[in-house]
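Structure first, commentary second.
Please read these numbers as outputs of a predicted model, since none were measured by experiment. These numbers come from the heavy atoms of this one structure, side chains and all, not from hydrogens, waters or symmetry mates. Count residues from 1 along the sequence.
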Amino acid sequence: MPTELVIFDCDGVLVDSETLGNRVFVQLVAEFGLALELEEAILLFKGCKMADCVAVIEQRLEQKLPQDFVTQLRACIAEAFEHELLASCRRDRGGFRRNQSTYLRCL
């Protein structure tokens, strides 16, 4: 059966990427000495620009993060997405069904 529709989940509605991304963020900032709970990070950073997130962390740390912090963070998040989000998609690959039609399939 040919693909009739492709949906790009860019805001985490279909797959909860935001919680996973924040978990990685919390782990990485902990390496710089900032203890932050996942729930707090989600409340602070949900929907925020990366530059604003970094500014909050730097303010709390009272120091600048390394120049490559965002690059490191994005690499760590990409790795977590590769292992955890894709594993979830593979597990749920059958998609949502109504009658005989498949509505969503993780690719």
Side-chain angles (χ1 to χ4, degrees):
M1 172 184 260
T3 301
E4 294 179 18
L5 175 69
V6 176
I7 298 172
F8 293 91
D9 179 27
C10 298
D11 59 359
V13 171
L14 300 176
V15 178
D16 185 11
S17 57
E18 188 141 18
T19 299
L20 180 54
N22 274 293
R23 190 186 80 211
V24 172
F25 193 82
V26 165
Q27 292 169 342
L28 192 56
V29 298
E31 293 178 19
F32 295 95
L34 182 63
L36 194 63
E37 294 294 323
L38 176 59
E39 296 77 15
E40 182 182 9
I42 291 169
L43 289 173
L44 280 172
F45 305 127
K46 187 173 186 171
C48 292
K49 295 177 186 176
M50 181 60 71
D52 295 337
C53 298
V54 169
V56 168
I57 296 304
E58 289 178 339
Q59 181 181 13
R60 288 185 174 207
L61 285 171
E62 299 180 348
Q63 68 181 22
K64 291 280 188 191
L65 290 166
Q67 283 289 109
D68 66 343
F69 174 79
V70 173
T71 302
Q72 288 179 40
L73 175 63
R74 288 192 171 138
C76 292
I77 289 173
E79 184 176 336
F81 283 6
E82 171 100 13
H83 291 97
E84 296 179 49
L85 283 184
L86 290 182
S88 173
C89 282
R90 286 187 199 105
R91 197 173 49 248
D92 301 330
R93 196 171 193 116
F96 299 116
R97 296 184 183 273
R98 182 176 177 192
N99 302 329
Q100 299 300 317
S101 300
T102 299
Y103 287 115
L104 171 68
R105 180 170 248 142
C106 292
L107 304 174

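From R74, atom CZ reaches atom CG of L28 across 12.5 Å, with rounding to the nearest 0.5 Å. Annotation: the span from I77 atom CD1 to E84 atom CD amounts to 11.5 Å, rounded to 0.5 Å. To the nearest 0.5 angstrom, Q72 atom CD is 8.0 Å from E31 atom CD. To the nearest 0.5 Å, atoms CD (E18) and CZ (R23) are separated by 14.0 Å. Note that NZ of K46 is 7.5 Å distant from OG1 of T19, once rounded to the nearest 0.5 Å. The distance from the CG atom of L44 to the CZ atom of R60 is 5.0 Å, given to the nearest 0.5 Å.
Other residues, nucleotides and ligands place no more than 12 heavy atoms under 6.0 Å from the CD atom of E79.
When all heavy atoms are compared, the tightest approach of L36 to V26 is O-CG1, 2.9 Å.
A heavy-atom distance below 4.5 Å is not found between the side chains of V24 and F81.
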As a quick check of understanding, evaluate side-chain contact (heavy atoms from CB on, under 4.5 Å) for F69 and I57, giving each step before the final call.
CA-CA 11 Å; F69 174 79; I57 296 304; 5.5 Å; no

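Tracing side-chain contacts under 4.5 Å through hydrophobic residues (I, L, V, M, F, W, Y), one never reaches L38 starting from F32; they form parts of separate clusters. M50 and I42 fall into different hydrophobic clusters, defined by Ile, Leu, Val, Met, Phe, Trp and Tyr side-chain heavy atoms under 4.5 Å apart, directly or through other members.
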